[in-house]
Amino acid sequence: MGEDGAVTLYNSIAITDAKTSPFSLKAGLTQILRGGAIVEVTNAEHAKIAEQAGACCLIVSDPSQQGISRMPDPSLIKEIKRVVSIPIMVRARVGHFVEAQILEAIGVDYIDESEAIALADEDNFINKHNFRCPFVCGCENLGEALSRVREGAAMIRIQGDLSGSGNVAKTVKNVRAVMGQIRILNNMDEDEVFAFSKTIRAPYDLVAQAKQMGRLPVVQFAAGGIVTPADAALMMQLGCDGVFLEPEIFNCSDPYKRVRGIIQAVRHYNDPRVLVETSSGLEDSNANLNLSEDRIEQFAHESA
């Protein structure tokens, strides 16, 4: 893959010169998150708990879930930046490059161009080569992942359930889809890669690089429904580099124990003894994450 992307101008003004913000530098900044858990928080108290539990990064989100969800209030981001020392990631709406400009000006470490909040532009993603800050983008398959990398994403979030239901099934399905397509690609002759890249609607050079590497060319995390140590270890054993944890994990009597257990499971995902230890004594914590009939009906209605 090329070192830099071409700079596209917004309103005839380049936000950043790509030569001063090479893609390799941004990709290197996301590499430091490998083997860790990124914890979503909505206030400073949860941010402190997540940091103490060993989170590699925090993703700050708006505590208000009513109406159209947007970039969180900059004052909340600044407050959390003051109380923790680990990297901060914040969501911007898909295609909303002005929100991304604001977040970069605040000094966040990573920007997540996220479909988990409202879309600002249904047809166009942000040209991430225009920013100094590394971007994270979501995908459900290999074609989407490589298309986002072409736009400048330095990290891929393989996204599952977005409803906060605690159901990991869709995440497993999408992770297996990405990994399965890469395995198919690895077994192809070089001549077949051209047709495959057209089939998945991805840039040929990135498809060829994924074939050569046997994986995505950037860090790949899993997100959606990961609420137990076993869920986290499953994602790691399927080939992910880390996991995103949703704010629902704080809805329990001992959030530190839960977050710490999941983070330990990410770090020791191949050690059954550690997984037994981290999974023990969480029954009370799991209670608020189980779906009642009312919540099942609610999620079914929302997804209809």
Side-chain angles (χ1 to χ4, degrees), residues 26-27 30 33-34 36-40 57-62 65 68-72 89-97 99-100 103 108-129 131 133-165 167-182 200-203 206 210 215-226 231-232 235 238-248 302-303:
K26 298 175 187 176
T30 61
L33 303 179
R34 291 186 68 177
I38 299 173
V39 182
E40 183 176 346
C57 179
L58 302 177
I59 180 165
V60 180
S61 64
D62 190 342
Q65 299 298 324
I68 295 177
S69 52
R70 305 178 177 86
M71 172 193 77
M89 181 184 296
V90 185
R91 292 191 180 110
R93 283 177 280 178
V94 169
H96 205 314
F97 55 85
E99 284 189 347
L103 295 177
V108 303
D109 299 283
Y110 306 93
I111 298 173
D112 184 351
E113 185 180 12
S114 180
E115 68 282 7
I117 56 179
L119 303 184
D121 191 329
E122 295 183 357
D123 300 316
N124 303 290
F125 282 76
I126 297 170
N127 183 344
K128 292 159 274 290
H129 294 291
F131 293 82
C133 188
F135 272 74
V136 179
C137 283
C139 79
E140 293 187 350
N141 55 60
L142 181 59
E144 286 184 2
L146 296 179
S147 295
R148 302 291 84 80
V149 174
R150 167 57 73 234
E151 295 161 358
M155 178 178 176
I156 290 297
R157 168 177 38 78
I158 305 177
Q159 183 65 52
D161 179 65
L162 289 172
S163 67
S165 67
N167 188 350
V168 79
K170 187 175 180 181
T171 311
V172 172
K173 177 182 177 182
N174 293 340
V175 169
R176 285 194 178 277
V178 172
M179 303 306 177
Q181 287 178 307
I182 290 176
I200 66 172
R201 299 182 179 181
L206 292 181
R215 56 159 293 142
L216 291 180
V218 297
V219 173
Q220 54 196 30
F221 273 46
I226 302 168
D231 291 340
M235 295 299 104
L238 287 175
C240 294
D241 297 312
V243 300
F244 281 77
L245 304 181
E246 298 166 346
E248 284 77 15
E302 291 174 352
S303 60

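These numbers come from a predicted model, not from an experiment.
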Asks: Do the side chain of Arg150 and the main chain of Ala153 share a donor and acceptor less than 3.5 angstrom apart?
Replies: no
Asks: Would you confirm whether Ser69, through its side chain, and Ala118, through its main-chain N or O, come within 3.5 Å as a donor-acceptor pair?
Replies: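 Judged by distance alone, yes, a pair lies under 3.5 Å.
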Asks: So, Asp161 and Lys170, do they make that salt bridge, N to O below 4.0 Å?
Replies: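 Answer for the salt bridge query: no.
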Asks: Could you grab the distance from atom CZ of Arg157 to atom CD of Glu115, nearest 0.5 Å is fine?
Replies: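 It comes to 4.5 Å.
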Asks: Go through Val219 and Leu33 one step at a time and tell me if the side chain to side chain contact (heavy atoms under 4.5 Å, CB included) criterion holds.
Replies: CA-CA 8 Å; Val219 173; Leu33 303 179; 5.7 Å; no
Asks: Counting only N and O atoms by type, is there a donor-acceptor contact under 3.5 Å from the side chain of Glu99 to the main-chain atoms of Arg93?
Replies: yes
Asks: Looking at Ile126, is its backbone amide N or carbonyl O close enough to the side chain of Glu113 to form a donor-acceptor pair, meaning the two atoms are under 3.5 Å apart?
Replies: yes
Asks: Side chain of Lys26, backbone of Lys128: donor and acceptor closer than 3.5 Å?
Replies: yes
Asks: State which residue, out of Leu142, Leu146, Asp241, Val149, fulfils the side-chain contact (heavy atoms from CB on, under 4.5 Å) condition with Ile156.
Replies: Val149
Asks: Judged by atom type as modelled, is there a donor-acceptor pair below 3.5 Å linking the side chain of Glu140 to the main-chain atoms of Ala177?
Replies: no
Asks: Keeping the roles fixed (side chain from Ser61, backbone from Arg91), state whether a donor-acceptor pair exists under 3.5 Å.
Replies: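 No, Ser61 side chain to Arg91 backbone: no donor-acceptor pair under 3.5 Å.
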Asks: Can you tell me how far apart CD (Gln181) and CG (Leu216) are? Round to the nearest 0.5 Å.
Replies: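 Rounded to the nearest 0.5 Å, the CD-CG separation comes to 10.0 Å.
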Asks: Nearest 0.5 Å please: distance from the CG atom of Leu103 over to the CG atom of Asp109.
Replies: 11.5 Å
Asks: Donor-acceptor check, side chain of Asn174 to backbone of Gln159, threshold 3.5 angstrom: yes or no?
Replies: yes
Asks: Working to the nearest 0.5 angstrom, can you tell me the gap between Ile158 CD1 and Arg176 CZ?
Replies: 12.0 Å
Asks: Is a side-chain donor or acceptor of Thr30 paired with a backbone partner of Met155 at a separation under 3.5 angstrom?
Replies: no
Asks: Which distance, rounded to the nearest 0.5 Å, do you find between the CG of Asn127 and the CD of Glu151?
Replies: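 Between atom CG of Asn127 and atom CD of Glu151 there are 8.0 Å.
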